[in-house]
Amino acid sequence: MEESKKVLYSAVQPTNNLTIGNYIGAIQNWVELQSGYNCFFSIADMHAITVRQIPAELRQRTLNLVALYIACGIDPEKCVLYIQSNVSAHAELCWALNTFTYVGEMQRMTQFKDKSARHADNINMGLMDYPVLMAADILLYQTDVVPVGLDQRQHLEIARDIAIRFNNAYTPTFKVPEGLYLKVGAKICDLLEPAKKMSKSAENPNGSVFLSDDRDTVIRKFKRAVTDSGSEILYDPENKPGVSNLLSIYSVFSGKSMDEAQRDFAGKGYGDFKLAVGEVVADRLKPIQERQAKILADKEYLNNILKSGAERASYSANKTLSKVYKKIGFYQL
Ligand code: ATP
Ligand code: LTN
């Protein structure tokens with residue numbers, strides 16, 4: 001760890017295969033940031049179980065996600081890459097922070113309300129406590145910045161509030177983290193319902209493009225994407241949400257600015273446009289999929305990375321946890 005660098009923390013839940021929304025809003029951004037910060041990237045499996053999971057699938061998806069992080073360009077030598085449940089301090093700090101969090105504020109969280117509606121038969125305590133566990137993740141590492149998609153902004157605000165509340169109740173203990181949001185790509189939308197964010201657990205898989213989709217599937221999904229009335233290909237999220245979403249995806253995957261992206265399609269029709277977006281995405285996904293398969297085949301390599309990641313993460317996390325325990329008044333041996 002380089003003392004002079006700031007700390008960056010982020011995570012993704014192994015709830016399903018990742019979508020290009022997760023890639024653009026999270027992982028791709030991490031790759032660009034990793035050399036400027038001391039980075040901690042985790043697989044949030046404890047968050048994943050707030051919605052019922054099939055054990056064998058959760059285990060495999062966790063490993064797939066570790067391999068995917070590396071295949072996308074996260075360097076396990078430079079960053080601390082680990083599985084959340086491998087570091088017990090997360091659950092421990094979450095418990096302490098629960099006593100600084102009000103039931104009412106958790107009930108008002110947008111994601112809690114959405115997920116309660118979608119999983120009405122299983123509104124468990126974990127689902128309501130999700131933001132506190134996320135606050136524990138972030139605060140354990142004295143994090144400066146948290147790059148996430150816009151859907152996580154409310155959770156980040158709560159993490160800040162909890163940190164400030166604790167610091168005020170005792171003495172400064174936690175760094176108060178800042179969210180880091182992208183200008184283009186912070187909210188990639190569903191291809192069939194551009195008013196909704198693209199989600200890996202959406203009901204209709206045709207609106208989401210998964211990083212594991214093959215070329216034909218990617219192109220088919222883009223061909224069927226909903227566009228807007230009129231025929232111009234312009235970035236105007238208010239009036240042309242479908243087209244603007246496709247332009248954002250194109251801009252990020254081709255590495256071109258939004259102006260350049262719009263120029264590429266001046267005078268072209270929706271058919272050519274959708275095909276071009278599909279192709280640029282499929283071209284980008286292929287090498288990632290190939291690298292991921294290679295990495296997954298070497299279980300020993302993966303286990304070594306995860307072991308070292310969990311040890312390094314535990315070391316940093318336990319420093320914060322013991323400060324917290326001392327301040328709260330827990331008797332220490
Ligand atoms: P789920 O649908 O299972 O709740 P999700 O697709 O929202 O999952 P998360 O694991 O909750 O994915 O999020 C991982 C990261 O990806 C977060 O930083 C989140 O902000 C980002 N992200 C998720 N969906 C999008 C999206 N459509 N556009 C941009 N970023 C996104
Ligand atoms: N809830 C986050 C995943 C997550 C996370 C974190 C993100 C869990 N812990 C800590 C940033 C920092 C999500 O993206 N759904």
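Order of listing sets the numbers, starting from 1, for every ligand and every atom in it. No experiment lies behind these values; they were computed from the predicted model shown.
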Minimum distance, heavy atoms only, to [atom]: which one of [options] is it?
atom: atom 19 (C) of ligand 1; options: L18, N22, D151, V148; answer: D151
atom: atom 4 (O) of ligand 1; options: H47, R118, K115, R153; answer: K115
atom: atom 2 (C) of ligand 2; options: H155, Q13, Q152, H90; answer: Q152

For [atom], what is the nearest protein heavy atom, given as residue, atom name and distance?
atom: atom 2 (O) of ligand 1; answer: S199 OG, 2.5 Å
atom: atom 1 (P) of ligand 1; answer: S201 OG, 3.2 Å
atom: atom 18 (O) of ligand 1; answer: G149 N, 3.3 Å
atom: atom 9 (N) of ligand 2; answer: D137 OD2, 2.6 Å
atom: atom 7 (O) of ligand 1; answer: K197 NZ, 2.3 Å
atom: atom 15 (C) of ligand 1; answer: A26 CB, 3.8 Å
atom: atom 10 (O) of ligand 1; answer: K200 NZ, 2.8 Å
atom: atom 5 (C) of ligand 2; answer: A11 CB, 3.6 Å
atom: atom 28 (N) of ligand 1; answer: I188 N, 2.8 Å
atom: atom 29 (C) of ligand 1; answer: A186 O, 3.2 Å

inquiry  = Under 4.0 Å, heavy-atom basis, I'd like to know which part of Q13 is in contact with ligand 1: side chain, backbone, both or neither.
reply    =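 Near ligand 1, Q13 shows its backbone as well as its side chain.
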
Side-chain donor or acceptor of [X] paired with backbone N/O of [Y] under 3.5 Å:
X: T19; Y: K200; result: no
X: S244; Y: D236; result: yes
X: S85; Y: D45; result: no
X: Q292; Y: P287; result: no
X: S116; Y: F112; result: yes
X: K187; Y: D151; result: no
X: Q262; Y: Y235; result: yes

message = Applying side chain to side chain donor-acceptor pair (under 3.5 Å) to N98 and D129, what does each step give before you reach the verdict?
response = CA-CA 8 Å; N98 273 333; D129 207 26; 3.2 Å; yes

task = Please state whether the rings of Y141 and H90 are parallel, tilted or perpendicular, taking 30° and 60° as the class boundaries.
result = tilted

inquiry  = Any heavy atom of Q111 closer to ligand 1 than 4.0 angstrom?
reply    = no

query = For V12, is the nearest heavy atom under 4.0 Å from an atom of ligand 1?
reply = yes

Give yes if a backbone or side-chain nitrogen or oxygen of [X] is under 3.5 Å from a nitrogen or oxygen of ligand 2, and no if not.
X: S10; answer: no
X: Q111; answer: no
X: Y130; answer: yes

Tell me the closest heavy-atom pair linking [X] and [Y], and the distance in Å.
X: P147; Y: V145; answer: CD-O, 3.8 Å
X: A11; Y: Y69; answer: C-OH, 4.0 Å
X: Y270; Y: E232; answer: OH-O, 3.7 Å
X: Y82; Y: G309; answer: CB-C, 3.6 Å
X: I233; Y: G269; answer: CD1-O, 3.9 Å

query = Could E290 and K286 be called an ion pair, given the rule that one side-chain N must be under 4.0 Å from one carboxylate O?
reply =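 Between K286 and E290 there is a salt bridge, with a charged N closer than 4.0 Å to a carboxylate O.
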
Near [X], which atoms of ligand 2 are under 4.0 Å from a heavy atom of that residue?
X: H47; result: 8 (C), 9 (N)
X: V146; result: 11 (C), 12 (C)
X: V148; result: 7 (C), 11 (C)
X: A44; result: 8 (C)

request  = With heavy atoms only and a cut-off of under 4.0 Å, state how D151 meets ligand 2: side chain, backbone, both or neither.
outcome  =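 The answer is neither; D151 stays 4.0 Å or more away.
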
key: ligand 2-proximal atoms of I138, by part, heavy-atom distance under 4.0 Å   =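 Within the 4.0 Å criterion, I138 contacts ligand 2 through side-chain atoms alone.
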
ask   = With atoms numbered from 1 as shown, which atoms in ligand 1 lie under 4.0 angstrom from a non-hydrogen atom of T15?
value = 3 (O)

remark   = From the list V324, I162, I164, side chain to side chain contact (heavy atoms under 4.5 Å, CB included) partner of F174 resolves to V324

Would you say [X] and ligand 1 have an N/O pair spaced under 3.5 Å apart?
X: M198; value: yes
X: Q152; value: no
X: A11; value: no

key: Step-by-step side chain to side chain donor-acceptor pair (under 3.5 Å) determination, Y250 to D264   = CA-CA 10 Å; Y250 180 82; D264 281 357; 2.7 Å; yes

